[in-house]
Protein chains: 2
Amino acid sequence: MKEYNPRVVFIGCGNLSTHLSKALMNEGGCSIVQLYSRTVQSAATLSARLGDVPYTNEITELFEADLYICALKDSVIEEVLEKADIIRGKRIVHTAGSVSAEMLSRFTDEYGVFYPLQSFSKNKEVDFKKIPFFIEASSQTFREDLVTLATHISDKSYLLDSEKRKQIHLAAVFVSNFVNHLYAVGEKMMVEAGVPFEALLPLIEEVAEKVHTMSPVLAQTGPAVRRDKNVLSMHEAMLEEHPDWLQLYKQLTQSIQNMK
Amino acid sequence: MKEYNPRVVFIGCGNLSTHLSKALMNEGGCSIVQLYSRTVQSAATLSARLGDVPYTNEITELFEADLYICALKDSVIEEVLEKADIIRGKRIVHTAGSVSAEMLSRFTDEYGVFYPLQSFSKNKEVDFKKIPFFIEASSQTFREDLVTLATHISDKSYLLDSEKRKQIHLAAVFVSNFVNHLYAVGEKMMVEAGVPFEALLPLIEEVAEKVHTMSPVLAQTGPAVRRDKNVLSMHEAMLEEHPDWLQLYKQLTQSIQNMK
């Protein structure tokens with residue numbers, strides 16, 4: 001296999017950087033040479049986790065490196081990189097689903113995207129092997145190097161342009177943020193009935209597991225797809241005091257019934 | 001522990017009966033003496049799985065038993081039991097989340113509910129140990145016997161009245177049927193982007209797993225809860241050609257932002 005063992009600077013020390021930096025150091029063959037965060041505490045914490053990597057909260061004091069990985073919040077990427085003179089002409093990637101690769105073109109000619117499709121929590125271990133990476137780059141060589149890097153830590157990597165990456169990021173919002181909100185509504189309802197939320201967990205697991213072997217379109221069950229009018233109107237009546245959930249109920253039922 | 005080892009007749013041979021009858025026979029200490037289904041083929045198939053239990057598709061030919069478990073579709077329970085003369089005065093339970101226990105009172109004085117909070121697929125093994133049962137009964141003795149029965153096959157059973165059972169059934173619709181539909185929307189979006197649905201599975205697993213250790217209200221992430229207006233309006237623009245999904249997006253975003 002082709003080798004690519006860059007010296008890396010991480011810009012941003014959030015949950016994604018916490019896990020990705022460790023994987024790139026341990027399995028990815030990278031040296032993490034520096035960490036930058038706007039809040040010095042995050043940088044210090046991650047530095048300690050990685051075995052005392054140098055860190056800074058001054059964007060003007062970035063070290064020389066082969067690859068800058070920018071894992072900042074979407075909305076601040078531009079304003080932070082603006083002040084990082086050292087990155088001009090260097091290789092930079094961001095890790096965001098919704099931000100075009102092109103946004104980095106004002107800073108350098110060698111830009112790209114290295115987007116892992118997963119949600120990261122600080123203190124929960126991550127198995128990168130199963131996490132798909134979506135890669136885009138401004139040149140063929142850079143693209144190949146990023147694929148090499150992804151292949152060191154994950155079994156799945158895909159080349160994907162910015163428009164399509166935005167689409168799969170939107171899909172991710174539906175199956176993660178929105179699904180989690182339905183769990184939250186379920187929790188509130190259980191608590192109102194005086195039953196602990198944990199009673200829903202086996203069902204939650206089963207539904208998430210089932211789509212590993214069956215398309216969710218075919219796995220659809222329940223009163224909406226059965227067009228069971230009695231249950232549907234009983235449920236709507238039960239939701240009268242929760243207008244947001246009632247609207248969700250109606251809209252989800254309609255979308256289920258319209259899906260082909 | 002108190003013993004309760006009834007001779008059981010199953011009325012209805014769908015997915016729930018398929019799994020519950022096996023568990024009650026193997027771990028529950030019950031004898032399954034007969035199976036009834038409106039379609040003789042379902043009854044014959046389940047009979048073979050259980051080792052040739054007698055079966056019928058004639059409701060007037062039910063055997064004598066200590067407990068009749070009615071696991072029919074909600075909408076046909078009454079019309080089928082109507083014709084089952086032998087059940088008068090016997091112990092009957094149904095297994096439905098949304099049907100009141102009282103509905104059975106016209107058939108007998110000893111009625112109840114034995115509701116497992118799970119979604120069953122015919123050919124997927126089920127571990128009843130983890131599945132919570134919700135129990136209701138018309139008398140103290142019957143209630144205790146049903147709890148004994150549940151305890152044989154599951155680690156979790158709760159006493160719950162019909163109104164509250166309907167509420168947790170509604171919660172189940174949100175975390176299973178509706179969650180599955182969001183998976184289906186996600187699948188359609190991935191396919192449009194030319195990426196296989198399986199790339200979403202690690203994320204789906206992670207979100208389902210996270211709520212085992214953290215309340216979903218606290219686990220909420222994404223553009224809606226961050227009130228990230230740029231991403232929110234970009235997503236709405238991307239959904240213009242899918243009016244149902246656009247409405248879902250808006251409604252879910254609003255409900256996330258209003259949740260306390």
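Chain letters run A, B, ... following the sequence lines, proteins first, then strands; residues in each count from 1.
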Residue part contacting chain B, namely of [X], when any heavy atom lies under 4.5 Å:
{"X": "A:Val173", "result": "side chain"}
{"X": "A:Leu218", "result": "neither"}
{"X": "A:Pro216", "result": "both"}
{"X": "A:Val211", "result": "both"}
{"X": "A:Lys260", "result": "backbone"}
{"X": "A:Tyr158", "result": "side chain"}
{"X": "A:Met214", "result": "neither"}
{"X": "A:Val217", "result": "both"}
{"X": "A:Gln167", "result": "both"}
{"X": "A:Asn180", "result": "both"}
{"X": "A:Thr213", "result": "neither"}
{"X": "A:Asp74", "result": "side chain"}
{"X": "A:Phe178", "result": "both"}
{"X": "A:Ser75", "result": "neither"}

| Minimal non-hydrogen separation, A:Gly222 against B:Asn177, with atom names |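 For A:Gly222 and B:Asn177, the tightest heavy-atom pair comes out as CA-OD1, 3.2 Å.
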| remark: Heavy-atom closest pair (A:Gly186 atom, B:Val175 atom, distance to 0.1 Å) is CA-CG1, 4.1 Å
| task | Would you give the length of the straight line joining atom NE2 of B:His169 to atom CE of A:Met189, rounded to the nearest 0.5 angstrom? | result | 12.0 Å
| said: Tell me if a side-chain donor or acceptor on A:Gln118 pairs with a main-chain N or O of B:Pro202 at a distance below 3.5 Å. | reply: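 Side chain of A:Gln118 to backbone of B:Pro202, a donor-acceptor pair under 3.5 Å: yes, one is there.
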| request: Run the salt-bridge test on B:Glu209 and A:Lys124 with the 4.0 Å N-O cut-off and return the result as yes or no. | output: yes
| request: Report the C-alpha separation of A:Lys188 and B:Phe174 in whole Å, then their side-chain angles, then the decisive distance to 0.1 Å, and conclude whether the side chain to side chain contact (heavy atoms under 4.5 Å, CB included) test is met. | output: CA-CA 11 Å; A:Lys188 300 269 185 194; B:Phe174 274 80; over 6 Å; no
| Minimum side-chain heavy-atom gap A:Lys166-B:His235 below 4.5 Å | no
| said: Just so I know, are the side chains of A:Leu170 and B:Tyr249 near enough to count as touching, which here means a heavy-atom distance under 4.5 Å? | reply: yes
| Contact leader toward chain B among A:His242, A:Lys130, A:Glu206, A:Lys73, where contacts are heavy-atom pairs under 4.5 Å | A:Glu206
| When heavy-atom pairs shorter than 4.5 Å are enumerated against chain B, which of A:Asp127, A:Leu117, A:Val126 gives the highest number? |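 The option with the most such pairs is A:Leu117.
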| Strictly by modelled atom types, are A:Gln254 and B:Asp244 linked by a side-chain donor-acceptor pair under 3.5 Å? |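 Yes, a side-chain donor-acceptor pair sits under 3.5 Å.
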| query | Can you find a side-chain donor-acceptor pair between B:Glu198 and A:His212 that sits under 3.5 Å? | reply |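 Checked: B:Glu198/A:His212 side chains show no N/O donor-acceptor pair below 3.5 Å.
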